[in-house]
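All values below come from the heavy atoms of this structure, side chains included, with hydrogens, waters and symmetry mates left out.
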Amino acid sequence: MADSEGDVSGEAGGLGRHLGEFGFAGDDTVVPFSVENLDARGRAVQLGAMLDDILGRHDYPEPVSRLLAEMIVLCVLLGTSLKFDGKFIAQTQTDGPVDLLVVDFTTPSSVRAYARFDAERVAAAEAAGETDPETLLGNGTMALTVDQGGHSQRYQGIVALEGETLEKVAEGYFRQSEQIPTTIRLAVARMARRGESGFRESWRAGGLIAQFLPEASERMRLPDLPGGDVPEGAEDTLDFEPDDAWTEVKALVETVHDSELADPEVGVERLLFRLFHERGVRVFPPTRVDDDCSCSRERIKAVLSNFSATEIAESVEDGKIEVTCEFCSESYVFSPDEFTKD
């Protein structure tokens, strides 16, 4: 999932223009970047209105909204790396209070998402002050699926989710499945802004993924994963010395505060400049992402048309069939007569 865009900075070794003159990408736009002197590439994003619209229509408890927002940022960062028409789907299935998260990215820009949760368990977690992602998710798996559509075979990577953050789980996916050194940061915030009718809170989020992609593949070598239980105190990274360039990238990314990732006054380009200006950072053409569900009356009717007469009858309530999309909450109403079997 590495980027291969050309340089549009206009000047080697930096953003190419003074920040005051720079055409910032703004919210809901993924910005690819590279730090050539450190052999690193990545993408960064700040989500504003798009995220607020998705979370607003669902009215989830705040901890659930925060968790889904992180998943949306992660899916957007990974999905916008696709170079073909298709889908990228991120999904968790766990035994925690939030047992299902699904985010669906359809190229080039469409995003939809929803969460399933146990309201009583989430409320109990809130009361106990235990709303960290690790507790809300619990144990299970995260599946990352690439679907090119047509007759192409789906590619799916599955990684265990065992009391870890989504950042660490995604890094583990790249560690195990693609052997690409990767670091990821995700942050979610609620911000109050003055509007015509007073102050209004809105959701924001930000994220950054950086990957180590040197020309010499042997420089990407990672410490060996243990083949089984490692005795306490034993070394499982024999003779491993991490590459200095990658160590520097990770150290720089770790300096980012969550508030910076989501702050609209900082912005993606200024954040990247703060992080990497001493090494030279270039940004590339951005990709817009939109709150755009693919459901439609025609699609849902086509699904219902495959139901048996018994299933149609069982779906009727108050003389009608009503289907609500889990992603966008849009409701579609049908008459049973539309599905009369000959």
| Between F117 and Y60, does the ring centre distance come in under 6.0 Å? | yes
| If you take all heavy atoms of V35 and R279, which pair is closest and at what distance? | CG1-CB, 3.8 Å
| request: Begin with the C-alpha distance, continue with both residues' side-chain angles, and end with the deciding distance and a verdict on salt bridge (charged side-chain N to carboxylate O under 4.0 Å, His left out) for R274 and E260. | output: CA-CA 10 Å; R274 286 180 180 179; E260 290 180 286; 2.8 Å; yes
| message | Please find the pair of heavy atoms, one from L47 and one from D28, that lie closest to each other, and give the distance. | response | CA-OD1, 3.3 Å
| request: Scan side-chain atoms only and decide if Q148 and Y155 contain a donor-acceptor pair under the 3.5 Å cut-off. | output: no
| request: Mark yes or no for whether Q93, through its side chain, and M142, through its backbone, hold a donor-acceptor pair below 3.5 Å. | output: no
| message | Can you tell me how far apart CD (E330) and SG (C295) are? Round to the nearest 0.5 Å. | response | 6.5 Å
| field | Trace of the salt bridge (charged side-chain N to carboxylate O under 4.0 Å, His left out) decision for E338 with R297 | value | CA-CA 12 Å; E338 296 181 60; R297 181 179 177 82; 3.3 Å; yes
| Taking S81 for the side chain and L78 for the main chain, is one N or O donor matched with an acceptor at less than 3.5 Å? | yes
| Cluster question for you: counting only ILVMFWY and a side-chain heavy-atom cut-off of under 4.5 Å, with indirect links fine, are F84 and V289 together? | yes
| field | Inter-residue atom distance L74.CG - R185.CZ, 0.5 Å rounding | value | 13.5 Å
| field | Derivation and outcome, salt bridge (charged side-chain N to carboxylate O under 4.0 Å, His left out), residues E62 and R190 | value | CA-CA 10 Å; E62 182 167 327; R190 294 191 78 174; 3.2 Å; yes
| Just by distance, do the side chain of T29 and the backbone of D27 share a donor-acceptor pair under 3.5 Å? | yes
| message | Is a donor from one side chain sitting under 3.5 angstrom from an acceptor on the other, for S109 and D290? | response | yes
| query | Quick one: do I158 and L166 end up in the same hydrophobic cluster if we chain Ile, Leu, Val, Met, Phe, Trp and Tyr together by side-chain heavy atoms under 4.5 Å apart? | reply | no
| task | Indicate whether the side chain of T80 and that of T287 have a donor and an acceptor atom separated by less than 3.5 Å. | result | no
| request: Taking all non-hydrogen atoms of both residues into account, name the closest pair between R121 and G96 and its distance. | output: NH1-O, 3.4 Å
| said: Between R154 (side chain only) and V146 (backbone N and O only), is there a donor and an acceptor less than 3.5 Å apart? | reply: no
| message | Tell me whether S259 contacts the main-chain N or O of D263 through its side chain, where contact means a donor paired with an acceptor under 3.5 Å. | response | no
| query | Of all heavy-atom pairs between I54 and A113, which one has the smallest distance, and what is that distance? | reply | CG2-O, 4.3 Å
| task | Please answer: with hydrophobic residues joined when any side-chain heavy atoms are less than 4.5 Å apart, are M191 and L261 in the same cluster? | result | no
| query | Looking at E265 and R204, does any basic side-chain N land under 4.0 Å from a carboxylate oxygen? | reply | no
| task | Show your reasoning for whether side-chain hydrogen bond (donor to acceptor under 3.5 Å, both in side chains) applies to E130 and T135. | result | CA-CA 7 Å; E130 298 176 348; T135 300; 5.3 Å; no
| Distance in Å, T165 OG1 paired with L137 CG, rounded so as to fall on 0.5 Å steps | 9.5 Å
| Nearest non-hydrogen partners of L67 and P133, listed with the distance | CD1-CB, 3.7 Å
| Spacing of CD1 belonging to I312 relative to CG belonging to D337, to within rounding of 0.5 Å | 11.0 Å
| request: Specify the closest pair of heavy atoms between F33 and R43, including all atoms of both residues, with the distance to one decimal. | output: CE2-N, 3.3 Å
| said: Check this for me: R288, atom CZ, are more than 12 non-hydrogen atoms of other residues, nucleotides or ligands nearer than 6.0 Å? | reply: yes
| task | For D59, look at atom CG and say whether over 12 heavy atoms of other residues, nucleotides or ligands are found less than 6.0 Å away. | result | no
| message | Measuring from atom CG of N139 to atom CD of E164, what distance do you get when rounded to the nearest 0.5 angstrom? | response | 9.5 Å
| Check: F334 ring centre within less than 6.0 Å of F339 ring centre | yes
| query | Considering only heavy atoms from C-beta outward, does the side chain of V159 approach that of T141 to under 4.5 Å? | reply | no
| task | Kindly work out whether a path of hydrophobic side-chain contacts (I/L/V/M/F/W/Y, heavy atoms less than 4.5 Å apart) joins L101 to I89. | result | yes
| Exam field: side chain S305 to backbone V303, donor-acceptor pair closer than 3.5 Å | no
| E171 side, atom CD; Q176 side, atom CD - distance, nearest 0.5 Å | 12.0 Å
| query | Between S294 and R112, does any side-chain donor sit less than 3.5 Å from a side-chain acceptor? | reply | yes
| message | With a 3.5 Å distance limit and no angle check, can you tell me whether E269 reaches the backbone of A25 through a side-chain donor-acceptor pair? | response | yes
| query | Does atom CD of E278 have more than 12 heavy-atom neighbours from other groups under 6.0 Å away? | reply | no
| field | Backbone of W203 reached by a side-chain donor or acceptor of D52 within 3.5 Å | value | yes
| message | Measuring centre to centre across the rings, with the benzene-like ring taken for any Trp, is F88 within less than 6.0 Å of F105? | response | no
| Applying the side-chain contact (heavy atoms from CB on, under 4.5 Å) test to L208, which of V45, L272, V31, V73 qualifies? | L272
| message | Taking the side chain as everything from C-beta on, heavy atoms only, tell me whether E126 gets closer than 4.5 Å to P63. | response | yes
| message | E254 vs K250, test: salt bridge (charged side-chain N to carboxylate O under 4.0 Å, His left out). Steps then yes/no. | response | CA-CA 6 Å; E254 287 172 1; K250 289 197 299 179; 6.0 Å; no
| message | Within the 3.5 Å criterion, strictly below it, is a donor on Q156 or T145 matched to an acceptor on the partner's side chain? | response | yes
| task | Using a cut-off of 6.0 Å, state whether more than 12 heavy atoms not belonging to D85 lie near its atom CG. | result | no
| request: Indicate whether the side chain of T247 and that of D244 have a donor and an acceptor atom separated by less than 3.5 Å. | output: no
